[in-house]
Protein chains: 2
Amino acid sequence: MQTVADPAAQRSPKAEQVLDAAAGVFLEQGFGAASMDAIAQAAGVSKATVYAHFAGKDALFAAIIERACARHAALLAGSDGGDADVESVLRSVGSDFLGLLLTPQTLAIFRVVVAESARFPALGRIFFESGPRRVLGRLEGFLRSAADRGQLRVDDPHRAAEHFLGLLKGELHLKMVLGIAEEVSAQAFDATVEAAVSTFLRAYAPQPSTTETQSASR
Amino acid sequence: MQTVADPAAQRSPKAEQVLDAAAGVFLEQGFGAASMDAIAQAAGVSKATVYAHFAGKDALFAAIIERACARHAALLAGSDGGDADVESVLRSVGSDFLGLLLTPQTLAIFRVVVAESARFPALGRIFFESGPRRVLGRLEGFLRSAADRGQLRVDDPHRAAEHFLGLLKGELHLKMVLGIAEEVSAQAFDATVEAAVSTFLRAYAPQPSTTETQSASR
DNA sequence: GTCTATAAAGGGATAGAC
DNA sequence: GTCTATCCCTTTATAGAC
């Protein structure tokens with residue numbers, strides 16, 4: 001397996017067509033179960049055309065994962081929330097991020113990367129850098145500045161960002177990854193975000209407040 | 001794929017021999033890449049013998065996952081810590097659980113189950129019930145009793161247990177799952193456990209203490 | 001570049017002897 | 001129950017015409 005050199009290489013329309021089809025088949029069936037025949041058929045081209053653009057199954061797989069991760073990363077370049085209060089920013093960021101995590105697309109990418117990271121060691125790193133790493137970095141920056149403004153008490157911003165994401169994912173993400181829960185009710189989603197924000201603020205508040213509620217309902 | 005009826009069925013020695021070999025091959029190579037030839041060779045028997053004990057590749061795979069989950073579950077039946085102080089129990093439980101999570105065996109099972117849960121819907125549930133579910137249940141019970149004794153302030157014990165495990169897994173577990181970090185230093189391990197316990201106690205302490213430290217070092 | 005047709009190999013599953 | 005040998009299908013990858 002060799003990684004594609006150009007990050008935003010301009011590919012021929014046919015190549016894009018093949019990539020789109022390959023993404024569908026690979027992410028739906030997994031690497032092992034996906035066949036080049038199925039990909040060619042889904043793309044509406046012959047296998048020879050697929051091989052004219054990609055060296056083989058491995059290269060094609062790497063290409064679709066890299067492209068998916070790049071798109072993933074593009075979605076994570078939103079605004080920081082600016083000058084809003086910490087709780088609002090956390091709620092907004094938490095809702096956005098958990099929503100992205102629970103998307104069928106994101107879950108499919110995660111499953112495939114986890115499954116094949118043993119055989120394609122580069123994949124795990126590509127995924128981590130393009131996804132979790134960016135989220136952690138942005139969150140860490142926000143928490144650090146909030147701490148500088150005295151809005152939070154944070155000794156280790158990286159660890160604090162890690163903690164917020166850990167609180168956020170919780171049982172919901174694991175169940176979705178394992179295919180146990182098909183869909184998430186808006187109620188359960190909001191309750192998870194609210195509970196994560198609430199618990200995080202109780203742990204990292206600048207001055208302990210005894211009146212703060214612990215309830216997850218909004 | 002059909003699930004094995006007997007939970008603790010007594011199998012012939014040859015069957016156990018095949019199961020052991022199959023576990024090694026499946027967990028190392030994944031379902032798709034593992035071949036029945038490789039399993040038979042690893043077990044030191046012929047393929048016909050494998051098929052004499054298991055209906056096919058699917059049934060064999062299901063059997064090894066179920067056995068692995070059952071063994072997994074057996075490891076989680078430890079003591080509750082009894083009357084020790086909350087912080088000590090959390091540190092002990094957290095250390096044990098994170099240690100189990102980061103075991104090569106546990107990681108391999110998790111990867112394979114995640115990878116194949118789409119094609120074998122029962123696997124995800126079997127894994128969740130035998131692993132995370134038990135941990136959450138035990139932890140939830142402990143937190144509830146600690147709250148009853150006034151040692152913690154917990155409105156929703158299930159959510160609190162979820163939060164502790166989320167804090168515990170953090171970046172470390174994800175990196176290991178993705179194959180980024182080969183081994184974990186004892187220092188990083190302890191720091192993660194300590195940070196999780198510290199943050200959890202700050203969020204769920206019965207009475208906010210302003211003097212408590214946030215540092216993750218011990 | 002793109003197609004049809006095919007080669008070459010591997011893997012799941014089984015027949016029949018013992 | 002266990003083995004050897006084999007069937008049969010799928011899959012990857014390519015050759016050659018256009």
Side-chain angles (χ1 to χ4, degrees), chain A residues 1-4 6 9-65 112 115-116 118-120 123, chain B residues 1-6 9-66 112 115-116 118-120 123:
Chain A
M1 184 184 88
Q2 53 185 358
T3 61
V4 175
D6 307 22
Q10 45 184 355
R11 271 183 281 254
S12 75
K14 270 289 201 317
E16 286 293 337
Q17 190 176 334
V18 171
L19 273 183
D20 289 337
V25 176
F26 274 129
L27 294 184
E28 186 182 356
Q29 307 190 3
F31 179 81
S35 74
M36 297 295 267
D37 283 280
I39 292 169
Q41 187 174 354
V45 301
S46 72
K47 271 196 295 182
T49 300
V50 176
Y51 280 97
H53 290 276
F54 301 94
K57 190 177 179 181
D58 288 5
L60 182 55
F61 181 67
I64 76 112
I65 295 295
V112 177
E116 304 302 330
R119 220 168 351 164
F120 303 106
L123 286 193
Chain B
M1 184 184 88
Q2 51 185 1
T3 60
V4 176
D6 307 21
Q10 43 183 355
R11 270 182 281 254
S12 75
K14 269 293 200 316
E16 287 292 336
Q17 190 176 334
V18 171
L19 273 183
D20 289 338
V25 176
F26 274 128
L27 295 184
E28 186 182 357
Q29 307 191 3
F31 178 80
S35 73
M36 296 296 269
D37 284 280
I39 292 168
Q41 187 174 354
V45 301
S46 71
K47 270 198 296 183
T49 300
V50 176
Y51 280 96
H53 289 277
F54 300 94
K57 191 178 179 181
D58 288 5
L60 181 55
F61 181 67
I64 76 113
I65 295 295
E66 288 190 23
V112 177
E116 304 302 330
R119 219 169 351 164
F120 304 106
L123 285 194

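All values below come from the heavy atoms of this structure, side chains included, with hydrogens, waters and symmetry mates left out.
Nucleic acid contact class of Ser46(B) (heavy atoms, under 4.0 Å, all strands): base. Nucleic acid contact class of Ala34(B) (heavy atoms, under 4.0 Å, all strands): sugar-phosphate only. No engagement by Ala33(A) is indicated, since no non-hydrogen atom pair under 4.0 Å with the nucleic acid exists.
Residues Phe26(A) and Ile65(A) are not in side-chain contact: their nearest non-hydrogen atoms beyond the backbone lie 4.5 Å or more apart. Using a 4.5 Å heavy-atom cutoff, the side chains of Leu123(B) and Val112(B) are not in contact. Residues Asp20(B) and Ile64(B) have side chains not in contact (no heavy-atom distance under 4.5 Å, counting atoms from C-beta outward).
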Protein heavy-atom contacts under 4.0 Å, written 5' to 3' over nucleotides 13-18 of chain C as B (base), S (sugar-phosphate only) or - (none), form the string BBB---
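The aromatic rings of Phe120(A) and Phe61(A) sit tilted relative to each other, their planes meeting at an angle between 30° and 60°.
Between Gln41(B) atom CD and dG10(C) atom P the separation is 14 Å, expressed in whole Å. Rounded to whole Å, the distance from NE2 on His53(B) to P on dC3(D) is 9 Å. For Phe54(A) and dT2(C), the CZ to C1' distance is 15 Å, given to the nearest whole Å. In this entry the distance linking CZ of Phe26(B) with C1' of dG11(C) reads 12 Å, nearest Å.
Shown here for Gly56(B) and Tyr51(B), the closest heavy-atom pair between the two residues is CA-CE2, 3.9 Å. The shortest heavy-atom contact between Ala115(B) and Ala115(A) is CB-CB, 3.2 Å.
Checking Phe31(B) against Lys14(A), the closest nucleotide of DNA chain C that is more toward the 5' end is the one next to Lys14(A).
Between Thr49(B) and dT2(D) there is no side-chain polar atom (N or O) within less than 4.0 angstrom of OP1 or OP2.
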